[in-house]
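For the single chain, residues carry numbers from 1 onward in sequence order.
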Amino acid sequence: CRSSRSPQHSKQRRTYELLIECYDDWDQPDRLIATLEALLKVFPDDVDALRQLLRERKQRDEPELVLNCVERLRKLR
């Protein structure tokens, strides 16, 4: 059941969120992107993480990866 996994998943999600926040604050985009991608492997429906990944990819001028993010977002809507 979902409720039995919820506390563990909440901790795991929070850990990813803290890492993302730290890497963003510390201006470490490679680690930030790697952490966003890792989070999305575990939580593929996380729209906020996907949007942040899209923004990061756009800033790095990675059009193919931006389009990949856009396609993933469309599937979630």
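With sequence neighbours excluded, no residue satisfies salt bridge (charged side-chain N to carboxylate O under 4.0 Å, His left out) with R31. For the side-chain contact (heavy atoms from CB on, under 4.5 Å) test, residues two or more places apart in sequence or in another chain that qualify with R51 are V47, D48, R55, L73, R77. Contacts of E37 classified as side-chain hydrogen bond (donor to acceptor under 3.5 Å, both in side chains), with partners at least two apart in sequence or in another chain: R57.
Listed by first and then second residue, the ring pair (Phe, Tyr, Trp, His ring centres under 6.0 Å) pairs involving residues 38-71 are H9-F43 (not counting sequence neighbours). Listed by first and then second residue, the ring pair (Phe, Tyr, Trp, His ring centres under 6.0 Å) pairs that reach into residues 47-77 come to none, sequence neighbours excluded. Note on residues 14-33: no pairs pass ring pair (Phe, Tyr, Trp, His ring centres under 6.0 Å), not counting sequence neighbours.
Note on L36: it does not cluster hydrophobically with L65, by side-chain heavy-atom contacts below 4.5 Å among ILVMFWY residues. Put simply, L50 and L67 are part of two different groups of oily side chains (I, L, V, M, F, W, Y) that touch within less than 4.5 Å, one to the next. Under a hydrophobic clustering in which Ile, Leu, Val, Met, Phe, Trp and Tyr are joined whenever their side-chain heavy atoms come within less than 4.5 Å, directly or via other members, I33 and V42 fall into the same cluster.
Atom CG in L54 sits 10.5 Å away from atom CD in Q59 (nearest 0.5 Å). Separation of atoms CG (L19) and CD (Q28) is listed at 10.5 Å; rounding is to 0.5 Å. We find the OG1-CG distance between T35 and D24 to be 11.0 Å, quoted to the nearest 0.5 Å.
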Worksheet item: Yes or no on side-chain contact (heavy atoms from CB on, under 4.5 Å) for R13 and D46, after CA distance, side-chain angles and deciding distance?
Response: CA-CA 10 Å; R13 180 180 293 274; D46 190 319; 2.4 Å; yes
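For the pair R72 and K75, the minimum side-chain heavy-atom distance is 4.5 Å or more. At least one side-chain heavy atom of L32 sits less than 4.5 Å from a side-chain heavy atom of Q52.
Salt bridge present: R14 and E17 bring a charged side-chain N and a carboxylate O closer than 4.0 Å. A salt bridge links R60 with D30; the closest basic N to acidic carboxylate O contact falls under 4.0 Å.
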